[in-house]
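In what follows, a structure is listed as structure tokens, so that the remarks can point back to it.
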Amino acid sequence: MSALAAVLADPAYHDYLSIIKGARNGFVYGVKVRFPHALIMAILFGRGDWKTRFRAIYRATRQHALNLAKFVSLYKTVLLVQKKLNGGVQRSADTFIAGLVTGYVVFGDRNAVNEQIVLYVCSRVVASFIPRAASPYSMSSASSSVVKPVPPDARKFSIFAALCWGAVMWLFNERGETIQPGMFHSMVYLYRDSEHWNSLRTLLWHNK
């Protein structure tokens, strides 16, 4: 056990262990976010019997959790590779490149869950360019539609997803104060909390 504790505390292994914890935090956060949302949607708008609805809840939760786990771990891996290639120094553009590549690989496939996540990320990227206010903003909207929605072109959606993820990862690292608070705290949990642990328990089981 002392040998394991030494490995966990050794700075030489920190970047590699942070990839493991990043995957763990991504999976846990994905379950926490998607499961209640999928459950409410199934209750309010679900079709079919409850067995069918629970299958849909499980599929959506599993996909969201696994995609976040894959994104965080792959993003950290690409960052680490760039850092190694640059003599151990992380450059400002590295976060954009890592987000770009990882966003394309993980979220480039257009499906309902990925589209919701990418549109959420995109809205936060766009909102970051709004000048900061001293008081909280409010939003109200009223819209109606009588036409059938047409999904985005698959290839263009892949490029769109890559650009959104590259932009939001760069903003988080370089201009974090411009990101919407809810998303900022989520990203702190995924990318910064996963840099810290003091035992096997806080590496794999509990965040802190």
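The figures that follow rest on heavy atoms only: side chains count, while hydrogens, waters and symmetry mates do not.
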Q) How are the rings of F71 and Y75 set relative to one another: parallel (under 30°), tilted (30 to 60°) or perpendicular (over 60°)? A) parallel

Q: For R24 and W205, indicate whether the former's side chain and the latter's backbone hold a donor-acceptor pair under 3.5 Å.
A: yes

Q) Between S158 and G108, what is the shortest heavy-atom contact and its length? A) OG-O, 2.8 Å

Q) Side chain of H64, backbone of V113: donor and acceptor closer than 3.5 Å? A) no

Q: Answer yes or no: is there a donor N or O on one side and an acceptor on the other, between the side chain of D94 and the main chain of L79, under 3.5 Å?
A: no

Q) Short question: side chain of T52, backbone of G48 - any donor-acceptor pair under 3.5 Å? A) no

(Q) Please tell me whether N114 and D109 have a donor and an acceptor in their side chains that are separated by less than 3.5 angstrom. (A) no

Q) For the residue pair Y16 and L80, what are the closest heavy atoms and their distance? A) CE2-CD2, 3.6 Å

Q. Just by distance, do the side chain of D10 and the backbone of A12 share a donor-acceptor pair under 3.5 Å?
A. yes

Q: Indicate the atoms forming the closest heavy-atom contact of A167 with V125, along with that distance.
A: CB-CG1, 3.8 Å

(Q) Ignoring hydrogens and geometry beyond distance, is a side-chain donor-acceptor pair present between K70 and T102 at under 3.5 Å? (A) no

Q: Could you tell me whether the side chain of K21 reaches within less than 4.5 Å of the side chain of E195, counting heavy atoms only?
A: no

Q.
Donor-acceptor check, side chain of R124 to backbone of I179, threshold 3.5 angstrom: yes or no?
A. no

Q.
Side chains of S186 and Y29 only: does a donor on one sit below 3.5 Å from an acceptor on the other?
A. yes

Q) Is the centre of the H206 ring less than 6.0 Å from the centre of the W197 ring? A) no

**Q.** Nearest heavy-atom neighbours spanning V31 and A65
**A.** CG2-CB, 3.7 Å

Q: Quick one: do D15 and K83 satisfy salt bridge (charged side-chain N to carboxylate O under 4.0 Å, His left out)? Show the steps, please.
A: CA-CA 11 Å; D15 289 343; K83 184 178 178 181; 3.6 Å; yes

Q: Report yes or no: is the cationic atom of R192 (NZ for Lys, CZ for Arg) under 6.0 Å from the centre of the six-membered ring of F172, at an angle within 45° of the ring normal?
A: yes

Q. Do N25 and N207 get their side chains close enough for a donor-acceptor pair, meaning under 3.5 Å?
A. yes

